[in-house]
Each structure stands twice: as structure tokens, then as C-alpha cells.
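Data first, discussion second: the structure below is written as C-alpha cells.
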Protein chains: 2
Amino acid sequence: MQRMVTPIHSGNAPSATAATGVSPVFSPLYQQIKALLTRSLQSGEWKPGELIPSEAELALRFGVSQGTVRKAIDELAAENLLLRRQGRGTFVSTHHEEQVKFRFLRMVPDSESGQALRMQRQFLECHRMRAAADVARLLAIKPGDMVLEIRRILHIGGEPLVYEDIYLQGAPFRGLTAERLERYQGPLYALFESEFGTRMVRAEEKIRAVSAGPQEAELLKVPVGQALLSVERLAFSYGDQPAELRRGLYSTAHHHYRNALS
Amino acid sequence: MQRMVTPIHSGNAPSATAATGVSPVFSPLYQQIKALLTRSLQSGEWKPGELIPSEAELALRFGVSQGTVRKAIDELAAENLLLRRQGRGTFVSTHHEEQVKFRFLRMVPDSESGQALRMQRQFLECHRMRAAADVARLLAIKPGDMVLEIRRILHIGGEPLVYEDIYLQGAPFRGLTAERLERYQGPLYALFESEFGTRMVRAEEKIRAVSAGPQEAELLKVPVGQALLSVERLAFSYGDQPAELRRGLYSTAHHHYRNALS
DNA sequence: GAGTGGTCTAGACCACTCC
DNA sequence: GAGTGGTCTAGACCACTCA
């Protein structure tokens with residue numbers, strides 16, 4: 001009933017492996033291919049920005065038709081894990097592309113004119129610490145495990161826009177230091193993927209409105225009591241593994257959080 | 001070079017219509033089919049909740065293969081315009097389904113337990129008026145054109161959660177009255193689609209943090225100056241036509257706005 | 001059992017990129 | 001021109017729903 005692809009084979013007819021009895025897993029071939037491709041991404045066989053083998057070659061490797069590989073790649077492309085370019089091939093998505101920059105930073109200026117937002121970063125903190133209970137729970141680690149905490153402010157046109165408190169699992173980000181952060185130009189997620197092999201794939205955010213306390217007011221240069229957006233983001237890496245917790249305060253005086261419901 | 005599907009025909013080979021010279025429009029067949037299907041949805045040939053013809057029948061009608069129809073339907077299903085159900089057929093999406101209720105209302109309780117949110121609606125206002133300049137611009141109508149304004153509060157467990165100020169184009173919603181709103185059980189968008197033939201398909205939201213003024217504080221039963229989410233939503237109907245403007249204030253004391261970045 | 005969408009295959013040609 | 005993804009077709013069988 002169920003055809004498994006794990007050992008390479010090349011049967012043509014569907015339902016060629018029913019001999020063993022009840023199938024333990026029940027998923028279409030293209031889902032199995034998709035899982036195999038994801039595994040190659042996760043293991044680092046193909047790194048962000050790199051070209052993966054052609055559809056024809058993958059079809060040969062897995063012993064399935066090109067159409068089946070195509071459907072698997074289609075879904076991975078829809079999830080922004082892969083990027084197809086006609087005539088060139090299929091590439092592993094990366095946070096280094098211009099176009100992707102606004103997928104995770106949703107703040108846009110109220111004036112809808114050209115949003116050539118030149119952003120300045122100011123790092124306040126970068127140190128290792130033991131994870132508190134709530135942080136550990138969200139990152140799926142044990143309380144007391146080592147985490148890396150980064151605090152920073154994003155400025156735009158000299159004005160503070162975002163204050164963020166970022167928590168990363170300690171182990172994968174061993175070599176990450178304040179100097180490293182200062183030196184690197186570009187999005188944090190680009191640094192994470194290039195230097196530490198952790199690519200953020202998707203995220204969930206919880207948004208609230210809060211009043212600025214004394215410290216926050218000073219950091220964002222707003223009056224105490226000013227209404228701010230509180231954004232808690234949990235970002236996931238390849239295997240839906242939580243990899244980053246981010247607590248942000250956004251000043252919405254001249255910018256807003258843009259969202260599309262579809 | 002380009003095959004047009006407008007007049008029904010049944011050629012097998014691609015590139016069967018190059019005789020006329022340079023093709024004016026340049027789009028794949030399945031996109032043309034998709035446009036035709038969208039037109040049938042827009043014209044009301046198939047109404048929300050109804051079953052559309054089978055893939056085979058559509059393929060016959062348009063003179064293309066079933067695979068081509070399938071690809072067109074795939075995209076429409078991905079955009080939530082159609083809903084496929086194996087063994088039963090393809091249906092026009094509707095706001096009457098339980099599952100869809102949280103696609104446009106993004107507030108969820110902070111306690112992640114069972115979110116059996118029983119919501120009470122309180123309508124404050126429902127009247128016709130002339131559109132102000134900003135409302136007219138967003139709704140793509142002329143300033144001074146008639147619009148319908150609805151104001152309401154959503155309560156949960158007796159506590160006010162959302163205050164909304166809603167603007168609709170006057171013409172399509174001619175018969176909408178306060179009594180009609182009171183009598184109808186279920187989401188507003190379900191009422192709009194069932195009774196007025198306007199189905200909201202997607203929306204864009206701009207989110208800010210604001211402080212409650214005196215009136216807003218009283219409506220939402222919060223202290224003056226309390227931080228609230230300000231959500232401005234522009235909702236679009238079938239042809240990407242703006243159909244509703246909604247300005248909301250959300251109380252985030254015990255709930256938050258949930259968002260997925262992917 | 002008839003009808004529907006879902007999967008899989010095989011092969012053809014098109015559009016695009018790069019050498 | 002070679003190689004890639006993109007489109008289109010035709011036909012087979014599977015999984016599911018319902019009468």
C-alpha cells in the first residue's frame with residue numbers, strides 16, 4: 001500500500017512494497033522526499049546560498065520521477081527554505097538577500113514613501129548566563145543551561161526605534177562575542193546562519209501594548225508611560241527547533257507594525 | 001508562442017496560436033484558468049459554501065488537461081478562496097467555517113489553555129454618512145460618497161476586549177441595519193458574505209501602541225492612559241477591491257495579538 | 001460502486017541563464 | 001547549445017466520501 005523511498009530503488013508502479021504488511025508510516029512519496037531534502041538542509045550538506053542538485057539529478061538519486069521531486073521542492077520553496085530561479089537552478093534560502101530583510105522586521109515608516117531605512121545598531125550587552133525558567137521553557141532547554149543574552153537598540157535616522165533582549169542557546173553560539181557583533185554588517189540572522197550554522201526559518205510573535213517604564217523610556221528616549229509595542233518572538237530553525245527568544249519594545253510614533261492577513 | 005483559452009478549444013499541442021504574431025498577454029495557461037475561475041467567484045456564479053464543478057468537468061469546459069485545472073485550483077486553495085475536500089469535491093471558501101474564525105481575529109488569551117472564547121457583541125452605532133477624505137482614499141471611493149459606519153465592542157467573559165469602528169461602502173450594504181446586526185449570530189464577515197454578497201478575502205493591518213483617551217478608556221473599562229493596541233485594517237474582496245476599513249483598539253491585559261512569520 | 005480529489009509517472013516543449 | 005526550472009499533457013492508480 002505504501003511505498004518507502006529510503007533505500008534507493010526504481011520501481012515504476014505505485015504500491016510496490018506492500019509485502020511487509022501494514023505500513024507503519026503513511027505519507028505520500030513527495031512528503032518523504034521533502035523530509036529527505038530537509039534533512040540535507042539541516043545537516044548542512046547544502047548551505048544557505050548554495051545551489052542544490054537539479055531536479056533530474058535528485059529524481060535519479062531518490063529513484064522517483066522528476067514530478068515527485070518537483071512537488072517536494074515546491075513546498076519547500078513555498079516555506080521559504082528553498083529558492084527557485086528559472087534557468088539557474090534551486091538555491092538554499094539565505095538571510096543575505098535584500099528582498100528577505102523585511103520578512104522578520106515588520107516595522108515600516110508611517111509615510112509610505114520610499115522606505116530606504118538606513119538602520120543603526122547599538123549593542124548594549126552580550127554575555128553568557130544561566131537560563132531562567134521561562135526562557136528555558138520556550139527554548140526547550142533545561143533551566144540553568146547556558147544561554148547567550150544580547151541586548152541592543154535599533155536606531156533610524158538617529159532616533160531609537162526598537163529595543164531588543166535576545167536569548168540564544170549557548171552551545172551553537174559559543175564563539176559569539178560583542179566584538180563579533182559590532183564588526184558584522186547586516187542582519188543578525190545573516191550572521192547566525194553564516195558563522196554559526198543556525199538558520200531561522202519561521203517565527204511566532206505575541207504582541208501587546210505596554211507603558212514604558214523608567215529604564216525603557218530612557219533607552220528609547222520617550223516619556224515614561226508612553227505606549228509601546230511589546231513583541232515576544234520565538235524563532236525556529238530547521239527541524240522546528242526553537243533557537244531564539246526575542247523580547248522587543250517598539251516605538252510606534254513614526255512607524256507601525258505591518259501585517260498581512262491571508 | 002502563447003496559447004489563449006478564452007474561446008473554448010481543444011488543441012493538444014502547446015504553442016498552437018502563434019499565428020497572430022506577438023502575444024499581447026504573456027501568462028501560462030493555468031493562470032488564465034485561474035483568472036476565469038476567479039471571475040466566476042466574483043460574479044457569484046459559485047457562492048460561498050457551494051460545490052464547484054469537478055476538475056474533470058472544468059478541464060472539459062476550458063479545453064485543457066485536468067492537470068492544468070488542478071494547478072489553477074491549487075493556487076486558489078492556497079489563497080483560501082477555494083477549499084478542497086478529498087472524495088467530496090472543491091468548495092467555495094466561506095466565513096461560516098469554525099476553523100476560519102481565527103484567521104482575521106488574532107487575539108488569543110494569554111493562558112494557552114483551551115481557548116473556548118465565547119464572545120459577546122455590543123453594537124453602539126450603525127448609520128450612513130458621507131466619507132471623510134482619509135476613509136474615502138483607503139476605500140478607493142470619492143470623498144463625500146456614502147459609507148456605512150458601524151461601531152461595536154467585543155466582550156469576553158463580560159470584559160471589553162475590542163472596540164472597533166468599521167466603514168463599509170454604502171452601495172453594497174444598502175439593507176444593513178442595526179436590527180440586522182443584532183439579530184445575526186456569528187462573525188460579521190459571515191453576515192457580509194451571506195446577505196450582501198461581499199466576501200472578504202485578505203486584509204492588511206497597521207499596528208501601533210496608543211494611550212487610551214477618556215472616551216476609549218470608558219468604552220473598554222480601562223484607566224485613562226492605559227496602553228492599547230491600535231489596529232487599522234483594510235480588507236479586500238475578490239478583485240483585490242478594498243471593501244472595508246476597520247479601526248480597532250485592543251485591550252491586551254489578558255490577551256495578545258498572535259502572529260506567525262514565515 | 002460511482003465520483004471526487006490526491007499521487008505518481010513519463011514525455012514533450014517552452015522560457016530563461018550562462019558559456 | 002547545454003542545462004535549468006516552468007508548463008502542459010495523458011494516463012494510471014490510490015484514498016476518501018457517499019448513496
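Computed from heavy atoms alone, side chains included, the values below leave out hydrogens, waters and symmetry copies. Numbers restart at 1 for each chain; the letters A, B, ... are given by sequence-line order, proteins then strands.
- Proximity of B:T68 to the phosphate of D:dT9: a side-chain N or O atom is located under 4.0 Å from OP1 or OP2.
- Between B:K71 and D:dT7, a side-chain N or O to OP1/OP2 separation shorter than 4.0 Å is present.
- Contact annotation: B:R70 side-chain N/O to C:dG5 OP1/OP2 distance is not under 4.0 Å.
- Salt bridge status for A:R183 with A:E195: absent, with no side-chain N to carboxylate O gap under 4.0 Å.
- When rounded to the nearest whole Å, the span between CD of B:Q66 and P of C:dT9 equals 18 Å.
- Between B:R84 and C:dG6, a side-chain N or O to OP1/OP2 separation shorter than 4.0 Å is present.
- With distances taken from any side-chain atom of B:E55 to the nucleotides C:dC18, C:dG6, C:dA10, the minimum falls on C:dG6.
- Remark: C1' of D:dT17 and CZ of B:R85 are 11 Å apart, rounded to the nearest angstrom.
- What separates CG of B:D74 from P of C:dC8 is a distance of 14 Å, to the nearest Å.
- Between A:T90 and D:dG5 there is a side-chain polar atom (N or O) within less than 4.0 angstrom of OP1 or OP2.
- Counting to the nearest Å, the P atom of C:dG5 and the CG atom of B:L83 are 12 Å from each other.
- Base contact: A:Q86 has a heavy atom under 4.0 Å from a base atom.
- Atom CD in A:Q31 sits roughly 15 Å away from atom P in D:dA15 (whole-Å rounding).
- Each of C:dT7, C:dC18, D:dT9 was ranked by its minimum atom distance to the side chain of B:V64; first place goes to D:dT9.
- For the pair B:Y30 OH and D:dT9 P, the computed distance is 13 Å after rounding to whole Å.
- Within the 4.5 Å cutoff, the side chain of A:R199 has heavy atoms near those of the A:H95 side chain.
- No salt bridge links A:R106 with A:E205; every basic N to acidic carboxylate O contact stays at or beyond 4.0 Å.
- What separates CG of A:L29 from C1' of D:dA12 is a distance of 15 Å, to the nearest Å.
- Put simply, CZ on B:F62 is 14 Å from P on D:dC8, counting in whole angstrom units.
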